[in-house]
Asks: 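There's a structure below that I have some questions on.
Chain identifiers are assigned alphabetically (A, B, ...) following the order of the sequence lines, protein sequences preceding nucleic acid strands; residue numbering begins at 1 within each chain. From a predicted model like this one, the values you see are computed outputs, not experimental measurements.
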Amino acid sequence: MTLLDVKNLSISFGGLRAVDDFNISIEEGQLYGLIGPNGAGKTTAFNLLTGVYKPNEGIIKLGDKDITGLSTIEINKAGIARTFQNIRLFKDLSVIDNVKVGLHNQFSYSTLSSVLHLPSYHKVEKEMDEKAMELLKVFGLEEHRDYLASNLPYGQQRKLEIARALATNPKLLLLDEPAAGMNPNETGELMETIQFVREHFGMTILLIEHDMKLVAGICEELTVLNFGRVLTQGPTKEVLSNPEVIKAYIGDE
Amino acid sequence: MKLTKVSKRNLITYGIVIAFYIIIQILNLTGNLSSHMEGLLVPMTYYSIVAVALNLTVGILGELSLGHAGFMCIGAFSASLFSVATKETMNGGLRFFLALVIGTVMAAIFGFLIGIPVLRLKGDYLAIVTLAFGEIIKNILAAVYLGYDEAGLHISFKSFVLQGEGKMLINGAMGIQGTPSDSSFTIAIVILLISLFIVQNLVNSRDGRAIMSIRDNRIASESVGINVVKYKMLAFVISAAIAGTAGVLFSHNTSTLTATSTYFGYNVSIMILVYVVLGGIGNIRGSVIAASILYILPEMLRGLSNYRMLIYSIVLIVIMLINWAPKAIEVREKYVTLLKRRFAK
(Lines give C-alpha, C1' and ligand atoms only; values in the text may rest on other atoms or scores of the structure.)
Protein backbone atom coordinates (compact mmCIF):
# COMPACT_ATOMS: atom_id res chain seq x y z
CA MET A 1 0.00 0.00 0.00
CA THR A 2 1.22 3.51 -0.74
CA LEU A 3 1.86 5.42 2.45
CA LEU A 4 3.10 8.74 1.13
CA ASP A 5 1.91 10.06 -2.17
CA VAL A 6 3.16 13.46 -3.30
CA LYS A 7 2.06 15.03 -6.56
CA ASN A 8 3.33 18.15 -8.35
CA LEU A 9 4.66 19.77 -5.20
CA SER A 10 6.14 23.24 -5.80
CA ILE A 11 7.26 26.22 -3.78
CA SER A 12 8.91 29.48 -4.79
CA PHE A 13 10.87 31.93 -2.69
CA GLY A 14 10.74 35.17 -4.62
CA GLY A 15 11.82 34.23 -8.11
CA LEU A 16 13.51 30.99 -7.07
CA ARG A 17 11.58 27.76 -7.52
CA ALA A 18 13.23 25.89 -4.65
CA VAL A 19 11.15 22.77 -5.26
CA ASP A 20 9.53 22.36 -8.64
CA ASP A 21 7.02 19.69 -9.63
CA PHE A 22 8.19 17.20 -7.00
CA ASN A 23 6.59 13.75 -7.13
CA ILE A 24 7.29 10.86 -4.83
CA SER A 25 5.45 7.72 -3.87
CA ILE A 26 6.58 5.62 -0.92
CA GLU A 27 5.24 2.17 -0.08
CA GLU A 28 4.54 1.11 3.48
CA GLY A 29 7.65 -0.33 5.11
CA GLN A 30 10.01 1.05 2.51
CA LEU A 31 13.38 2.63 3.20
CA TYR A 32 13.58 5.45 0.72
CA GLY A 33 16.43 7.84 0.02
CA LEU A 34 16.33 11.42 -1.17
CA ILE A 35 19.68 12.56 -2.53
CA GLY A 36 21.08 15.40 -4.54
CA PRO A 37 23.86 17.98 -4.54
CA ASN A 38 23.91 20.84 -2.00
CA GLY A 39 21.12 23.32 -2.56
CA ALA A 40 19.05 20.88 -4.61
CA GLY A 41 15.99 21.46 -2.38
CA LYS A 42 16.05 18.28 -0.30
CA THR A 43 15.53 19.95 3.06
CA THR A 44 12.96 22.29 1.51
CA ALA A 45 11.08 19.19 0.36
CA PHE A 46 11.19 17.91 3.98
CA ASN A 47 9.94 21.27 5.24
CA LEU A 48 7.05 21.06 2.78
CA LEU A 49 6.17 17.53 3.87
CA THR A 50 6.16 18.58 7.55
CA GLY A 51 4.24 21.82 7.13
CA VAL A 52 7.08 24.21 7.94
CA TYR A 53 6.44 25.74 4.50
CA LYS A 54 3.10 25.70 2.73
CA PRO A 55 3.36 24.56 -0.91
CA ASN A 56 2.28 26.87 -3.74
CA GLU A 57 1.04 23.90 -5.70
CA GLY A 58 0.63 20.19 -5.29
CA ILE A 59 -0.95 17.57 -3.08
CA ILE A 60 0.55 15.57 -0.19
CA LYS A 61 -1.34 12.47 0.84
CA LEU A 62 -0.48 10.30 3.83
CA GLY A 63 -2.39 7.04 3.45
CA ASP A 64 -5.86 8.21 2.51
CA LYS A 65 -5.56 11.54 4.23
CA ASP A 66 -4.84 14.77 2.40
CA ILE A 67 -2.39 16.66 4.60
CA THR A 68 -1.56 19.48 2.18
CA GLY A 69 -1.39 22.83 3.95
CA LEU A 70 -1.83 21.48 7.49
CA SER A 71 0.30 22.90 10.31
CA THR A 72 3.43 21.18 11.58
CA ILE A 73 1.56 20.12 14.71
CA GLU A 74 -1.35 18.59 12.78
CA ILE A 75 0.99 16.81 10.37
CA ASN A 76 2.87 15.29 13.29
CA LYS A 77 -0.43 14.12 14.76
CA ALA A 78 -1.38 12.68 11.35
CA GLY A 79 1.77 10.53 11.49
CA ILE A 80 4.91 12.19 10.13
CA ALA A 81 7.87 12.71 12.46
CA ARG A 82 11.26 14.11 11.56
CA THR A 83 14.79 14.83 12.65
CA PHE A 84 16.81 17.89 11.68
CA GLN A 85 19.99 18.42 9.69
CA ASN A 86 21.38 20.65 12.46
CA ILE A 87 20.36 18.75 15.58
CA ARG A 88 17.47 20.37 17.43
CA LEU A 89 17.22 18.78 20.85
CA PHE A 90 15.71 20.34 23.96
CA LYS A 91 19.19 21.01 25.26
CA ASP A 92 18.37 21.96 28.86
CA LEU A 93 16.06 18.99 29.38
CA SER A 94 17.28 15.56 30.43
CA VAL A 95 17.60 12.76 27.88
CA ILE A 96 14.48 11.01 29.15
CA ASP A 97 12.49 14.27 29.23
CA ASN A 98 13.35 14.86 25.57
CA VAL A 99 11.68 11.55 24.76
CA LYS A 100 8.79 12.32 27.10
CA VAL A 101 8.10 15.55 25.20
CA GLY A 102 7.85 13.32 22.13
CA LEU A 103 5.32 11.18 24.00
CA HIS A 104 3.27 14.28 24.84
CA ASN A 105 0.30 13.47 22.61
CA GLN A 106 0.26 9.73 23.35
CA PHE A 107 -0.48 10.25 27.04
CA SER A 108 -2.68 12.70 28.80
CA TYR A 109 -3.75 14.11 32.13
CA SER A 110 -5.35 17.42 33.02
CA THR A 111 -3.49 20.65 33.72
CA LEU A 112 -5.01 20.56 37.22
CA SER A 113 -3.30 17.23 37.70
CA SER A 114 -0.06 18.76 36.42
CA VAL A 115 -0.23 21.50 39.01
CA LEU A 116 -1.47 19.45 41.97
CA HIS A 117 0.18 16.09 41.13
CA LEU A 118 -3.07 14.18 41.58
CA PRO A 119 -3.06 10.35 41.41
CA SER A 120 -3.58 10.42 37.62
CA TYR A 121 -0.27 12.33 37.38
CA HIS A 122 1.66 9.59 39.13
CA LYS A 123 -0.03 6.82 37.18
CA VAL A 124 0.46 8.36 33.72
CA GLU A 125 3.99 9.60 34.46
CA LYS A 126 4.97 6.05 35.39
CA GLU A 127 3.62 4.73 32.10
CA MET A 128 5.44 7.51 30.23
CA ASP A 129 8.69 6.66 32.03
CA GLU A 130 8.36 3.01 31.03
CA LYS A 131 7.60 3.81 27.42
CA ALA A 132 10.44 6.34 27.25
CA MET A 133 12.91 3.86 28.75
CA GLU A 134 11.84 1.28 26.18
CA LEU A 135 12.74 3.72 23.41
CA LEU A 136 16.00 4.76 25.06
CA LYS A 137 17.01 1.08 25.33
CA VAL A 138 16.53 0.64 21.58
CA PHE A 139 19.17 3.32 21.07
CA GLY A 140 21.42 2.27 23.96
CA LEU A 141 20.79 5.52 25.79
CA GLU A 142 19.18 4.11 28.93
CA GLU A 143 22.22 4.75 31.10
CA HIS A 144 22.27 8.41 30.11
CA ARG A 145 18.64 9.03 31.01
CA ASP A 146 19.37 11.84 33.47
CA TYR A 147 22.10 13.58 31.46
CA LEU A 148 21.27 16.92 29.95
CA ALA A 149 20.70 16.38 26.24
CA SER A 150 23.39 18.96 25.42
CA ASN A 151 25.98 16.91 27.34
CA LEU A 152 25.61 13.83 25.12
CA PRO A 153 28.29 13.11 22.51
CA TYR A 154 27.32 14.07 18.98
CA GLY A 155 26.45 10.60 17.72
CA GLN A 156 24.18 9.95 20.66
CA GLN A 157 22.45 13.29 20.19
CA ARG A 158 21.52 12.13 16.68
CA LYS A 159 20.14 8.90 18.13
CA LEU A 160 18.19 10.77 20.79
CA GLU A 161 16.61 12.89 18.10
CA ILE A 162 15.45 9.75 16.30
CA ALA A 163 14.13 8.33 19.58
CA ARG A 164 12.19 11.53 20.23
CA ALA A 165 10.71 11.44 16.72
CA LEU A 166 9.68 7.79 17.18
CA ALA A 167 8.05 8.67 20.50
CA THR A 168 5.36 10.57 18.60
CA ASN A 169 4.27 7.21 17.17
CA PRO A 170 4.61 8.13 13.49
CA LYS A 171 3.73 6.16 10.38
CA LEU A 172 6.50 7.81 8.42
CA LEU A 173 9.90 8.88 9.74
CA LEU A 174 11.88 11.59 7.95
CA LEU A 175 15.61 11.67 8.68
CA ASP A 176 17.50 14.74 7.50
CA GLU A 177 21.17 13.78 7.01
CA PRO A 178 21.36 11.41 9.98
CA ALA A 179 25.04 10.63 9.30
CA ALA A 180 26.20 14.24 8.96
CA GLY A 181 29.35 14.81 10.99
CA MET A 182 29.79 11.15 11.88
CA ASN A 183 32.97 9.11 11.46
CA PRO A 184 32.80 5.81 9.48
CA ASN A 185 32.39 3.75 12.68
CA GLU A 186 29.48 5.85 13.87
CA THR A 187 27.93 5.76 10.40
CA GLY A 188 28.12 1.98 10.37
CA GLU A 189 26.46 1.85 13.75
CA LEU A 190 23.80 4.28 12.57
CA MET A 191 23.02 2.09 9.54
CA GLU A 192 22.36 -0.81 11.89
CA THR A 193 20.17 1.38 14.07
CA ILE A 194 18.10 2.55 11.11
CA GLN A 195 17.68 -1.02 9.90
CA PHE A 196 16.68 -2.08 13.40
CA VAL A 197 14.14 0.74 13.75
CA ARG A 198 12.60 -0.26 10.47
CA GLU A 199 12.23 -3.91 11.44
CA HIS A 200 11.42 -3.43 15.12
CA PHE A 201 8.78 -0.72 14.60
CA GLY A 202 7.76 -1.67 11.04
CA MET A 203 8.58 1.92 10.19
CA THR A 204 8.53 3.54 6.77
CA ILE A 205 11.59 5.78 6.46
CA LEU A 206 12.50 8.57 4.08
CA LEU A 207 16.01 9.89 4.51
CA ILE A 208 18.18 12.62 3.07
CA GLU A 209 21.84 11.67 2.95
CA HIS A 210 25.11 12.59 1.34
CA ASP A 211 27.01 9.55 2.54
CA MET A 212 26.75 7.28 -0.53
CA LYS A 213 27.93 4.24 1.40
CA LEU A 214 24.97 4.59 3.71
CA VAL A 215 22.56 5.29 0.88
CA ALA A 216 23.78 2.37 -1.21
CA GLY A 217 23.84 0.16 1.87
CA ILE A 218 20.29 0.54 3.14
CA CYS A 219 18.00 2.45 0.76
CA GLU A 220 15.82 0.43 -1.59
CA GLU A 221 14.72 3.24 -3.79
CA LEU A 222 16.07 6.70 -4.47
CA THR A 223 14.87 10.02 -5.75
CA VAL A 224 17.54 12.40 -6.99
CA LEU A 225 16.85 16.11 -6.82
CA ASN A 226 18.82 18.68 -8.77
CA PHE A 227 18.02 22.40 -8.89
CA GLY A 228 14.66 21.71 -7.23
CA ARG A 229 13.53 19.19 -9.86
CA VAL A 230 13.43 15.42 -9.81
CA LEU A 231 16.35 14.19 -11.91
CA THR A 232 15.56 10.52 -11.71
CA GLN A 233 13.77 7.97 -9.53
CA GLY A 234 14.02 4.21 -9.10
CA PRO A 235 15.83 1.31 -7.42
CA THR A 236 19.07 2.34 -5.73
CA LYS A 237 21.49 0.47 -8.00
CA GLU A 238 20.01 1.76 -11.20
CA VAL A 239 19.89 5.33 -9.96
CA LEU A 240 23.45 5.37 -8.70
CA SER A 241 24.82 4.07 -11.98
CA ASN A 242 22.80 6.58 -13.99
CA PRO A 243 25.27 8.89 -15.82
CA GLU A 244 22.94 11.89 -15.28
CA VAL A 245 23.23 11.43 -11.51
CA ILE A 246 27.00 11.13 -11.61
CA LYS A 247 27.11 14.26 -13.73
CA ALA A 248 24.95 16.17 -11.24
CA TYR A 249 27.29 15.23 -8.41
CA ILE A 250 30.69 15.42 -10.01
CA GLY A 251 29.99 17.75 -12.93
CA ASP A 252 30.88 17.48 -16.60
CA GLU A 253 34.23 16.24 -17.71
CA MET B 1 7.90 5.94 49.39
CA LYS B 2 11.22 6.60 47.76
CA LEU B 3 11.82 10.22 46.96
CA THR B 4 13.10 11.12 43.55
CA LYS B 5 15.84 13.70 43.14
CA VAL B 6 13.31 16.24 41.93
CA SER B 7 10.82 15.90 44.76
CA LYS B 8 13.70 16.08 47.24
CA ARG B 9 14.82 19.34 45.70
CA ASN B 10 11.28 20.71 45.93
CA LEU B 11 10.96 19.69 49.57
CA ILE B 12 14.19 21.51 50.42
CA THR B 13 12.66 24.70 48.98
CA TYR B 14 9.53 24.36 51.12
CA GLY B 15 11.78 23.54 54.08
CA ILE B 16 13.82 26.73 53.65
CA VAL B 17 10.67 28.86 53.56
CA ILE B 18 9.13 27.16 56.61
CA ALA B 19 12.39 27.34 58.57
CA PHE B 20 12.66 31.04 57.79
CA TYR B 21 9.07 31.54 58.96
CA ILE B 22 9.74 29.73 62.24
CA ILE B 23 12.93 31.72 62.91
CA ILE B 24 11.07 34.98 62.34
CA GLN B 25 8.25 33.89 64.65
CA ILE B 26 10.75 32.98 67.39
CA LEU B 27 12.54 36.31 66.98
CA ASN B 28 9.19 38.04 67.18
CA LEU B 29 8.02 36.20 70.31
CA THR B 30 11.29 36.83 72.12
CA GLY B 31 11.05 40.50 71.22
CA ASN B 32 14.15 40.57 69.03
CA LEU B 33 12.38 41.91 65.96
CA SER B 34 12.23 45.68 65.57
CA SER B 35 8.90 47.05 64.39
CA HIS B 36 10.68 48.41 61.32
CA MET B 37 11.84 44.91 60.36
CA GLU B 38 8.41 43.49 61.13
CA GLY B 39 6.90 45.89 58.63
CA LEU B 40 9.24 44.58 55.92
CA LEU B 41 8.21 40.95 56.25
CA VAL B 42 5.02 41.06 54.18
CA PRO B 43 6.55 43.11 51.31
CA MET B 44 9.54 40.80 51.28
CA THR B 45 7.24 37.82 50.91
CA TYR B 46 5.07 39.27 48.17
CA TYR B 47 8.10 40.31 46.16
CA SER B 48 9.36 36.74 46.53
CA ILE B 49 6.01 35.56 45.18
CA VAL B 50 6.21 37.87 42.14
CA ALA B 51 9.79 36.75 41.55
CA VAL B 52 8.61 33.12 41.47
CA ALA B 53 5.84 34.14 39.05
CA LEU B 54 8.22 36.04 36.79
CA ASN B 55 10.70 33.17 36.79
CA LEU B 56 7.94 30.99 35.34
CA THR B 57 7.75 33.38 32.36
CA VAL B 58 11.44 34.21 32.02
CA GLY B 59 13.18 31.03 33.14
CA ILE B 60 10.72 28.24 32.32
CA LEU B 61 8.90 29.64 29.28
CA GLY B 62 11.87 31.69 28.06
CA GLU B 63 9.90 34.87 27.27
CA LEU B 64 10.76 38.27 28.71
CA SER B 65 8.05 40.14 30.61
CA LEU B 66 8.63 43.70 31.80
CA GLY B 67 5.12 44.21 33.12
CA HIS B 68 4.76 42.06 36.18
CA ALA B 69 4.31 45.15 38.34
CA GLY B 70 1.31 45.84 36.08
CA PHE B 71 -0.23 42.47 36.95
CA MET B 72 0.42 43.21 40.63
CA CYS B 73 -1.35 46.52 40.08
CA ILE B 74 -4.39 44.78 38.53
CA GLY B 75 -4.56 42.32 41.42
CA ALA B 76 -4.11 45.08 44.00
CA PHE B 77 -6.79 47.40 42.65
CA SER B 78 -9.45 44.81 41.80
CA ALA B 79 -9.13 43.13 45.20
CA SER B 80 -9.05 46.44 47.07
CA LEU B 81 -12.18 47.61 45.29
CA PHE B 82 -13.94 44.48 46.39
CA SER B 83 -12.72 44.73 49.97
CA VAL B 84 -13.60 48.41 50.33
CA ALA B 85 -17.06 47.84 48.87
CA THR B 86 -17.83 44.89 51.12
CA LYS B 87 -15.96 46.04 54.23
CA GLU B 88 -19.12 46.63 56.29
CA THR B 89 -21.08 43.64 55.10
CA MET B 90 -18.72 40.71 55.11
CA ASN B 91 -16.59 39.07 57.76
CA GLY B 92 -12.81 39.41 57.50
CA GLY B 93 -11.65 35.89 56.64
CA LEU B 94 -14.14 35.18 53.87
CA ARG B 95 -13.74 38.69 52.47
CA PHE B 96 -9.98 38.37 52.20
CA PHE B 97 -10.26 34.92 50.67
CA LEU B 98 -12.61 36.29 48.00
CA ALA B 99 -10.35 39.30 47.51
CA LEU B 100 -7.43 36.95 46.82
CA VAL B 101 -9.52 35.01 44.32
CA ILE B 102 -10.70 38.18 42.56
CA GLY B 103 -7.21 39.70 42.33
CA THR B 104 -5.78 36.45 40.99
CA VAL B 105 -8.52 35.92 38.43
CA MET B 106 -8.42 39.53 37.20
CA ALA B 107 -4.66 39.40 36.67
CA ALA B 108 -5.08 36.05 34.87
CA ILE B 109 -7.71 37.58 32.56
CA PHE B 110 -5.41 40.47 31.68
CA GLY B 111 -2.55 38.03 31.12
CA PHE B 112 -4.80 36.07 28.78
CA LEU B 113 -5.91 39.17 26.85
CA ILE B 114 -2.32 40.32 26.35
CA GLY B 115 -1.27 36.81 25.45
CA ILE B 116 -3.84 36.36 22.65
CA PRO B 117 -2.05 38.60 20.16
CA VAL B 118 1.48 38.65 21.53
CA LEU B 119 2.22 35.00 22.27
CA ARG B 120 1.53 34.11 18.63
CA LEU B 121 4.53 36.17 17.58
CA LYS B 122 8.11 35.01 17.56
CA GLY B 123 10.72 37.23 19.18
CA ASP B 124 10.84 39.74 21.98
CA TYR B 125 7.47 41.38 21.44
CA LEU B 126 6.18 40.23 24.81
CA ALA B 127 8.75 42.41 26.58
CA ILE B 128 7.67 45.51 24.66
CA VAL B 129 3.95 44.90 25.05
CA THR B 130 4.10 44.07 28.75
CA LEU B 131 6.26 47.13 29.37
CA ALA B 132 3.60 49.29 27.72
CA PHE B 133 0.79 47.42 29.47
CA GLY B 134 2.27 48.05 32.92
CA GLU B 135 2.61 51.77 32.28
CA ILE B 136 -0.87 52.11 30.75
CA ILE B 137 -2.56 50.29 33.63
CA LYS B 138 -0.69 52.37 36.18
CA ASN B 139 -1.54 55.65 34.47
CA ILE B 140 -5.21 54.79 33.95
CA LEU B 141 -5.65 53.74 37.56
CA ALA B 142 -3.93 56.92 38.71
CA ALA B 143 -6.42 59.04 36.78
CA VAL B 144 -9.75 57.30 37.11
CA TYR B 145 -12.55 58.27 39.51
CA LEU B 146 -15.05 55.62 40.53
CA GLY B 147 -17.85 56.06 43.05
CA TYR B 148 -21.45 55.19 43.71
CA ASP B 149 -24.39 57.12 45.12
CA GLU B 150 -28.16 57.11 44.94
CA ALA B 151 -28.04 57.67 41.19
CA GLY B 152 -25.88 54.61 40.63
CA LEU B 153 -22.28 53.89 39.73
CA HIS B 154 -20.14 56.71 38.30
CA ILE B 155 -16.88 56.37 36.45
CA SER B 156 -14.95 59.26 34.96
CA PHE B 157 -11.52 60.69 34.31
CA LYS B 158 -12.65 63.97 35.95
CA SER B 159 -13.43 64.32 39.61
CA PHE B 160 -17.14 64.58 40.38
CA VAL B 161 -19.42 65.24 43.35
CA LEU B 162 -21.55 62.43 44.70
CA GLN B 163 -25.29 63.00 45.22
CA GLY B 164 -26.51 62.26 48.74
CA GLU B 165 -25.46 58.97 50.33
CA GLY B 166 -22.54 57.43 48.50
CA LYS B 167 -18.89 56.53 48.51
CA MET B 168 -15.84 57.21 46.38
CA LEU B 169 -14.10 53.92 45.57
CA ILE B 170 -11.20 55.13 43.44
CA ASN B 171 -10.38 58.77 43.98
CA GLY B 172 -8.10 59.64 41.06
CA ALA B 173 -4.50 60.12 42.04
CA MET B 174 -5.47 59.60 45.69
CA GLY B 175 -6.24 55.99 44.84
CA ILE B 176 -8.26 53.66 47.02
CA GLN B 177 -8.54 54.68 50.67
CA GLY B 178 -9.28 52.43 53.59
CA THR B 179 -8.45 48.95 52.33
CA PRO B 180 -8.67 46.69 55.38
CA SER B 181 -5.26 45.41 56.56
CA ASP B 182 -5.99 41.75 56.01
CA SER B 183 -2.48 40.72 54.91
CA SER B 184 -0.26 39.11 57.48
CA PHE B 185 3.14 37.49 57.36
CA THR B 186 1.57 34.08 57.99
CA ILE B 187 -0.91 34.39 55.11
CA ALA B 188 1.84 35.74 52.83
CA ILE B 189 4.07 32.76 53.63
CA VAL B 190 1.20 30.34 53.01
CA ILE B 191 0.61 31.95 49.61
CA LEU B 192 4.34 31.82 48.83
CA LEU B 193 4.30 28.10 49.62
CA ILE B 194 1.24 27.56 47.42
CA SER B 195 2.90 29.49 44.56
CA LEU B 196 6.05 27.42 44.91
CA PHE B 197 3.97 24.25 44.99
CA ILE B 198 2.12 25.20 41.82
CA VAL B 199 5.18 26.32 39.85
CA GLN B 200 7.47 23.47 40.94
CA ASN B 201 4.80 20.86 40.26
CA LEU B 202 4.06 22.38 36.89
CA VAL B 203 7.73 22.27 35.91
CA ASN B 204 7.83 18.53 36.62
CA SER B 205 4.78 17.60 34.61
CA ARG B 206 3.67 16.89 31.07
CA ASP B 207 2.58 20.51 30.63
CA GLY B 208 5.82 21.81 32.16
CA ARG B 209 7.97 19.73 29.83
CA ALA B 210 6.00 21.07 26.88
CA ILE B 211 6.60 24.64 28.11
CA MET B 212 10.34 24.08 28.56
CA SER B 213 10.60 22.38 25.16
CA ILE B 214 9.29 25.59 23.57
CA ARG B 215 11.98 27.54 25.43
CA ASP B 216 14.71 25.19 24.23
CA ASN B 217 13.65 24.79 20.61
CA ARG B 218 10.35 26.01 19.28
CA ILE B 219 10.72 24.38 15.86
CA ALA B 220 11.52 20.96 17.32
CA SER B 221 8.66 21.42 19.74
CA GLU B 222 6.18 21.91 16.91
CA SER B 223 7.69 18.98 15.03
CA VAL B 224 6.71 16.61 17.85
CA GLY B 225 3.18 17.99 17.95
CA ILE B 226 3.34 20.45 20.86
CA ASN B 227 0.73 23.20 20.61
CA VAL B 228 3.14 26.07 21.14
CA VAL B 229 0.62 28.90 21.52
CA LYS B 230 -1.46 26.95 24.04
CA TYR B 231 1.46 26.15 26.31
CA LYS B 232 2.95 29.63 26.09
CA MET B 233 -0.46 30.93 27.13
CA LEU B 234 -0.74 28.47 30.01
CA ALA B 235 2.62 29.49 31.47
CA PHE B 236 2.04 33.21 30.98
CA VAL B 237 -1.47 33.21 32.46
CA ILE B 238 -0.36 31.27 35.55
CA SER B 239 2.56 33.66 35.92
CA ALA B 240 0.27 36.72 35.66
CA ALA B 241 -2.23 35.19 38.07
CA ILE B 242 0.40 34.58 40.76
CA ALA B 243 1.67 38.15 40.34
CA GLY B 244 -1.94 39.28 40.84
CA THR B 245 -2.15 37.34 44.10
CA ALA B 246 0.99 39.12 45.28
CA GLY B 247 -0.73 42.39 44.37
CA VAL B 248 -3.65 41.50 46.66
CA LEU B 249 -1.21 41.00 49.53
CA PHE B 250 0.32 44.36 48.65
CA SER B 251 -2.93 46.32 48.69
CA HIS B 252 -4.20 44.69 51.88
CA ASN B 253 -0.96 45.59 53.64
CA THR B 254 -1.40 49.33 53.19
CA SER B 255 -4.49 51.40 53.85
CA THR B 256 -3.91 53.84 50.98
CA LEU B 257 -3.41 52.30 47.56
CA THR B 258 -2.12 54.66 44.88
CA ALA B 259 -0.97 53.76 41.38
CA THR B 260 2.40 55.50 41.52
CA SER B 261 5.67 54.62 39.83
CA THR B 262 7.25 53.80 43.18
CA TYR B 263 5.00 50.77 43.53
CA PHE B 264 3.85 49.82 40.02
CA GLY B 265 6.19 51.52 37.53
CA TYR B 266 8.40 49.70 35.08
CA ASN B 267 11.33 50.20 37.46
CA VAL B 268 9.56 47.82 39.85
CA SER B 269 9.14 45.27 37.04
CA ILE B 270 12.84 45.57 36.34
CA MET B 271 13.68 45.24 40.04
CA ILE B 272 11.72 41.96 40.08
CA LEU B 273 13.60 40.88 36.96
CA VAL B 274 16.85 41.61 38.80
CA TYR B 275 15.72 39.26 41.59
CA VAL B 276 15.02 36.55 39.00
CA VAL B 277 18.29 37.00 37.13
CA LEU B 278 20.45 37.08 40.25
CA GLY B 279 18.60 34.15 41.80
CA GLY B 280 19.29 32.19 38.63
CA ILE B 281 17.06 32.12 35.57
CA GLY B 282 14.89 29.03 35.83
CA ASN B 283 15.92 28.44 39.44
CA ILE B 284 12.72 28.83 41.45
CA ARG B 285 14.34 28.53 44.87
CA GLY B 286 16.98 31.06 43.86
CA SER B 287 14.27 33.62 43.05
CA VAL B 288 12.85 33.40 46.57
CA ILE B 289 16.24 33.76 48.23
CA ALA B 290 17.40 36.58 45.95
CA ALA B 291 14.14 38.50 46.31
CA SER B 292 14.24 38.23 50.12
CA ILE B 293 17.86 39.29 50.49
CA LEU B 294 17.76 42.03 47.88
CA TYR B 295 14.55 43.49 49.27
CA ILE B 296 15.80 43.57 52.87
CA LEU B 297 19.32 44.74 52.06
CA PRO B 298 18.62 48.38 51.08
CA GLU B 299 16.42 48.70 54.16
CA MET B 300 19.16 47.37 56.43
CA LEU B 301 21.63 49.81 54.86
CA ARG B 302 19.47 52.86 55.59
CA GLY B 303 21.91 53.95 58.31
CA LEU B 304 24.59 54.50 55.68
CA SER B 305 22.42 57.12 53.96
CA ASN B 306 24.24 58.21 50.80
CA TYR B 307 26.38 55.09 50.46
CA ARG B 308 23.33 52.85 50.56
CA MET B 309 22.74 52.46 46.83
CA LEU B 310 26.47 52.25 46.17
CA ILE B 311 26.79 49.24 48.47
CA TYR B 312 23.59 47.75 47.06
CA SER B 313 24.99 47.93 43.53
CA ILE B 314 28.27 46.37 44.61
CA VAL B 315 26.35 43.52 46.23
CA LEU B 316 24.42 42.97 42.98
CA ILE B 317 27.68 42.71 41.04
CA VAL B 318 29.24 40.37 43.58
CA ILE B 319 26.20 38.06 43.58
CA MET B 320 26.26 38.00 39.81
CA LEU B 321 29.94 37.05 39.80
CA ILE B 322 29.44 34.33 42.41
CA ASN B 323 26.54 32.93 40.41
CA TRP B 324 27.94 33.01 36.93
CA ALA B 325 31.73 33.42 36.85
CA PRO B 326 33.29 30.11 35.75
CA LYS B 327 35.94 30.23 38.50
CA ALA B 328 33.35 30.85 41.19
CA ILE B 329 31.22 27.97 39.90
CA GLU B 330 34.29 25.72 40.00
CA VAL B 331 35.06 26.60 43.62
CA ARG B 332 31.41 26.27 44.63
CA GLU B 333 31.05 22.85 43.05
CA LYS B 334 34.24 21.66 44.71
CA TYR B 335 32.90 22.53 48.14
CA VAL B 336 29.47 21.11 47.40
CA THR B 337 30.95 17.72 46.46
CA LEU B 338 33.18 17.84 49.54
CA LEU B 339 30.15 18.50 51.74
CA LYS B 340 28.16 15.78 50.01
CA ARG B 341 30.94 13.27 50.59
CA ARG B 342 31.08 14.21 54.25
CA PHE B 343 27.34 13.76 54.63
CA ALA B 344 27.39 10.49 52.76
CA LYS B 345 29.78 8.94 55.30
Asks: Between Leu234(B) and chain A, which part of the residue has a heavy atom less than 4.5 Å away: side chain, backbone, both or neither?
Replies: side chain
Asks: Heavy atoms only, distances under 4.5 angstrom: which of Thr72(A), Asn76(A), Leu103(A) has the most pairs with chain B? Name it, please.
Replies: Asn76(A)
Asks: Among all residues two or more places apart in sequence or in another chain, which pass the side-chain hydrogen bond (donor to acceptor under 3.5 Å, both in side chains) test with Glu189(A)?
Replies: Lys159(A)
Asks: Heavy atoms only, distances under 4.5 angstrom: which of Val124(A), Asp97(A), Thr50(A) has the most pairs with chain B? Name it, please.
Replies: Asp97(A)
Asks: Given heavy-atom pairs under 4.5 angstrom as the criterion, report whether the side chain, backbone, both or neither of Val199(B) touches chain A.
Replies: neither
Asks: For the atom pair CG (Leu196(B)) and CD1 (Ile16(B)), what is the distance rounded to the nearest 0.5 Å?
Replies: 10.0 Å
Asks: Just so I understand: if I count every heavy-atom pair under 4.5 Å between each of Ser113(A), Ser108(A), Ala165(A) and chain B, which residue has the most?
Replies: Ser108(A)
Asks: Taking Ile75(A), Val115(A), Leu89(A) one by one, which has the highest count of heavy-atom pairs under 4.5 Å against chain B?
Replies: Val115(A)
Asks: Do we get Arg215(B) above Phe90(A)'s six-membered ring, with its NZ or CZ under 6.0 Å from the centre and within 45° of the axis?
Replies: no
Asks: Quick one: do Lys42(A) and Asp176(A) make a salt bridge, cutoff under 4.0 Å?
Replies: no
Asks: Given Tyr109(A), which of Glu125(A), His122(A), Lys123(A) fulfils the side-chain hydrogen bond (donor to acceptor under 3.5 Å, both in side chains) condition?
Replies: Glu125(A)
Asks: Taking every heavy-atom pair that is under 4.5 Å apart, which of Lys100(A), Lys91(A), Arg82(A) has the most such pairs with chain B?
Replies: Lys100(A)
